[in-house]
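Here is the structure we will look at, set down as structure tokens.
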4 protein chains.
Amino acid sequence: MSPKSAIQNQEIRAESKRKILDAAFKLIAKDGYESTSIAKIAKEAEVSKGLLYNYFNSKEDMVKVMLEEALDEGDVLISGLLSDDPKETIRNVFQWFFREIRERLDYWRLITQLTFNIEKFKFVQELAANKMGEYIRLMQSLLNQLGYENPLNEARIIAALFDGIGVEVLVLKEQYPLDEMEAYLIEKYCK
Amino acid sequence: MSPKSAIQNQEIRAESKRKILDAAFKLIAKDGYESTSIAKIAKEAEVSKGLLYNYFNSKEDMVKVMLEEALDEGDVLISGLLSDDPKETIRNVFQWFFREIRERLDYWRLITQLTFNIEKFKFVQELAANKMGEYIRLMQSLLNQLGYENPLNEARIIAALFDGIGVEVLVLKEQYPLDEMEAYLIEKYCK
Amino acid sequence: MSPKSAIQNQEIRAESKRKILDAAFKLIAKDGYESTSIAKIAKEAEVSKGLLYNYFNSKEDMVKVMLEEALDEGDVLISGLLSDDPKETIRNVFQWFFREIRERLDYWRLITQLTFNIEKFKFVQELAANKMGEYIRLMQSLLNQLGYENPLNEARIIAALFDGIGVEVLVLKEQYPLDEMEAYLIEKYCK
Amino acid sequence: MSPKSAIQNQEIRAESKRKILDAAFKLIAKDGYESTSIAKIAKEAEVSKGLLYNYFNSKEDMVKVMLEEALDEGDVLISGLLSDDPKETIRNVFQWFFREIRERLDYWRLITQLTFNIEKFKFVQELAANKMGEYIRLMQSLLNQLGYENPLNEARIIAALFDGIGVEVLVLKEQYPLDEMEAYLIEKYCK
DNA sequence: TATGAATGAGACTTCATTCAT
DNA sequence: TATGAATGAAGTCTCATTCAT
């Protein structure tokens with residue numbers, strides 16, 4: 001009779017887009033960009049291959065959108081971690097980090113993979129580098145307040161620790177003693 | 001022409017194989033596994049595509065051999081780093097690590113890429129995990145001798161630091177303050 | 001809302017059909033049959049893709065209808081060019097031809113393209129051949145009245161001239177000396 | 001045992017290339033560029049689709065090579081048509097043209113199609129326009145020697161005649177009275 | 001041992017067509 | 001009557017692999 005309403009269409013589109021982006025995220029986080037074909041994504045999303053091109057101009061475009069969404073979502077506001085007590089703030093940062101690793105390892109893996117491998121997605125590197133700089137400056141200031149002798153290098157160590165623990169969890173998975181390390185690091189830096 | 005002797009043939013085989021594996025390493029470390037075609041490897045190695053299949057059953061097989069070799073070669077004997085003085089040994093380990101990062105970043109990148117992305121090469125993860133365990137046990141023993149309260153966790157921290165610095169150097173490249181961090185860590189752990 | 005009357009519906013249908021056919025003509029004359037997608041035509045016509053299939057069974061069918069219309073419209077009645085004076089009639093024919101070339105080059109290009117390239121639209125060739133035969137017979141009769149020795153072949157020459165000038169204008173566009181040729185030919189045949 | 005000799009390979013390559021280009025010529029001349037898929041060309045040439053890309057970078061590239069070859073081959077040297085007697089030269093030109101039309105109508109159709117339709121191959125238009133200019137200048141000079149009042153426009157008429165007869169032969173095929181027109185035109189211009 | 005022409009599966013992408021609303 | 005989300009066949013192109021020599 002009458003065509004679908006604009007709202008109906010909007011909802012349909014939003015849902016399809018979501019299914020596609022979720023499928024892309026899942027598969028690319030697991031297998032990497034090159035190993036994940038459009039066909040696999042469509043199958044995982046339970047739509048036709050053609051439909052992907054209704055929503056994205058290309059595979060690359062689709063992944064960029066997916067990445068941007070993931071980055072936005074993963075972007076915790078530093079302000080939310082701040083406290084009057086520097087030790088408290090450091091504890092918050094550690095706790096935030098370990099929560100991330102536990103709950104969003106897929107996201108972590110995705111970023112790591114795309115950052116390392118694909119020339120096309122090098123913009124992620126830049127964003128990641130900026131974010132890291134921000135955290136390093138925060139930690140430096142906190143460690144300074146706590147009287148560390150070389151707060152900059154100590155902050156760099158903590159940043160490297162985060163990256164390194166991330167990598168090791170990806171390799172060792174459940175075998176990595178996340179709880180123990182969390183407790184140990186908080187004790188070490190916030191005692 | 002006279003038939004080549006068995007020894008000559010063996011030498012020829014060894015050299016061709018070497019050229020192929022070197023080319024594969026170079027290109028895959030730079031561009032990644034999926035982006036490196038057999039044709040490119042053959043060209044870089046200055047042999048024909050067909051010859052690759054004379055030495056390896058498949059691209060996957062070739063890369064596995066290349067990886068195994070690379071892992072063997074990268075396998076520094078722990079014994080070579082040992083000293084009577086635990087502080088000296090720790091310094092040796094740190095120096096070895098930073099030398100690795102400086103001189104063989106390609107190797108590092110290669111391992112990281114293949115390990116994270118390609119289901120086919122996940123066996124590297126296991127090898128890497130074993131190796132890491134070995135180093136952690138060594139560090140644990142050394143830190144124990146130096147009177148650290150929790151030498152296991154402290155050793156884990158150093159292992160994560162190594163991984164993390166590796167990742168950050170891959171992202172930041174020359175911008176990463178390698179020299180400064182090396183000096184700082186040696187001072188911190190071996191003073 | 002009240003149901004539309006039959007007449008209203010008819011008007012609506014006619015208008016939609018017109019918009020679609022006009023858009024198809026415009027785009028296909030400019031870009032060719034294969035390069036003009038249904039989506040583009042729908043967009044140009046400001047209707048939905050689905051609506052096209054309400055009026056036509058297929059892209060091919062739509063183009064056939066469009067072509068038939070275009071041919072009908074381009075079908076100048078010979079009777080309108082006739083005069084008592086054969087020279088006057090020839091002048092009318094020449095002037096009609098050059099007017100066509102100037103004002104409806106798009107139409108010309110469309111026919112040429114579809115006729116030459118697309119197996120599906122070869123039926124136009126037959127129509128064109130019939131039309132050409134008609135004109136040749138007319139010219140033959142006129143040239144006969146003017147005392148030409150071989151009026152049939154001379155008429156054939158004029159027909160070929162028309163086709164040839166059409167081709168050259170398509171290739172050379174504004175560079176072709178249309179005005180000069182028109183004057184020259186009229187002078188030559190109607191002096 | 002030993003690999004194929006360089007000469008063998010060269011011959012094999014030349015033959016495959018030839019088969020591909022011939023198939024492309026044949027099909028594109030018949031059906032047009034867009035309607036002729038790589039798959040059809042490969043089938044006609046009796047090779048695999050992949051092989052085409054061993055010899056050409058893209059479909060467009062392949063067609064350009066094919067066109068350039070065809071244009072080279074079709075490029076009759078004007079010098080070969082010249083004679084001391086202008087009438088004799090004109091006769092040679094006419095005879096050359098009708099021989100072309102009789103023997104290489106496919107070539108003619110191909111050029112016409114690509115010239116009209118495909119933005120990608122517009123370079124053919126330019127070449128064709130240049131060639132035509134050359135012939136027009138030649139005819140102009142000859143007609144001038146024969147005392148024609150307006151030799152330039154008369155030469156333009158002959159050029160258009162050639163194009164027009166070409167088009168009509170494409171449409172009417174065997175029905176077109178080629179022999180009669182050839183005799184008539186030679187009689188008309190060279191009597 | 002060594003070559004490279006040839007293959008064919010599968011990648012990304014386009015687009016005519018269908019159908020629920 | 002009208003919409004546009006969805007489909008799937010077909011298009012161009014890439015590349016690991018085979019095989020005659």
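Values below: every heavy atom of this structure, side chains too, minus hydrogens, waters and symmetry copies. Computed from a predicted model, the values in this text were never measured in an experiment. Each chain gets a letter, A, B and so on, in the order the sequences are listed, and its residues count up from 1.
Between the CE atom in Met66(A) and the CZ atom in Phe56(A) there is a gap of 9.5 Å [rounded to 0.5 Å]. Atom CZ of Arg18(A) sits about 10.0 Å away from atom CD1 of Ile20(A), to the nearest 0.5 Å. With values rounded to the nearest 0.5 angstrom, Leu21(C) atom CG is found 7.5 Å from Met62(C) atom CE.
Heavy-atom distances to DNA chain F give each of Lys40(D) and Thr36(B) a nearest nucleotide, and the one nearer the 5′ end belongs to Lys40(D). Two residues, Ser35(C) and Ser5(A), neighbour DNA chain E, and the one matched to the more 5' nucleotide by heavy-atom proximity is Ser35(C). Of the two residues near DNA chain F, Leu52(A) and Ser37(B), the one whose nearest nucleotide lies more 5' is Leu52(A).
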Inset, instruction - Dot-bracket notation for DNA chain F is requested: 5' to 3', Watson-Crick or G-U wobble pairs only, both distances under 3.5 Å, with ( ), [ ], | and . as defined. - result: .||||||||||||||||||||
Legend entry - Candidate pair Leu67(B) and Phe25(B), rule side chain to side chain contact (heavy atoms under 4.5 Å, CB included), full reasoning: CA-CA 8 Å; Leu67(B) 260 176; Phe25(B) 177 94; over 6 Å; no
Legend entry - Ile111(C) vs Leu71(C), side chain to side chain contact (heavy atoms under 4.5 Å, CB included): CA-CA, chis, key distance, verdict: CA-CA 9 Å; Ile111(C) 303 295; Leu71(C) 289 169; 3.8 Å; yes
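Under a 4.0 Å N-O distance rule, the pair Glu69(C)/Lys64(C) does not qualify as a salt bridge. Using a cut-off of 4.0 Å between Lys/Arg side-chain N and Asp/Glu carboxylate O, Arg109(A) and Asp106(A) are scored as salt-bridged.
We find that NZ of Lys49(B) is positioned 9 Å from P of dA16(F), with the value rounded to whole Å. Counting to the nearest Å, the C1' atom of dT7(E) and the NZ atom of Lys43(D) are 16 Å from each other. Atom-to-atom, CD1 of Ile38(B) to C1' of dA6(E) comes out at 17 Å; the value is rounded to the nearest Å. Rounded to whole Å, atom P of dT7(E) lies 10 Å from atom CD of Glu46(D). In this structure, Glu34(D) atom CD and dT14(E) atom P are separated by 14 Å, rounded to whole Å.
Contacts between residues 9-21 of chain D and DNA chain E, counted as heavy-atom distances below 4.0 Å, involve Asn9(D), Ile12(D), Arg13(D), Ser16(D). The stretch residues 53-70 of chain D touches DNA chain F through Tyr53(D), Ser58(D), Lys59(D), each having a heavy atom under 4.0 angstrom from the strand.
Put simply, the side chain of Lys40(B) gets close to the backbone of Ser35(B): a donor and an acceptor are under 3.5 Å apart.
Around the NZ atom of Lys26(C), the shell of radius 6.0 Å holds no more than 12 heavy atoms that belong to other residues, nucleotides or ligands. Atom CD of Glu60(D) is surrounded by more than 12 heavy atoms from other residues, nucleotides or ligands within 6.0 Å.
Relative orientation of the Tyr33(D) and Phe121(D) rings is perpendicular, given thresholds of 30° and 60° on the angle between their planes.
When heavy atoms are screened at a 4.0 angstrom cut-off, Leu51(C) is found touching base atoms of the nucleic acid.
The side chain of Ser48(C) approaches dG4(F) more closely than any other nucleotide in the set dA5(E), dG4(F), dT17(E).
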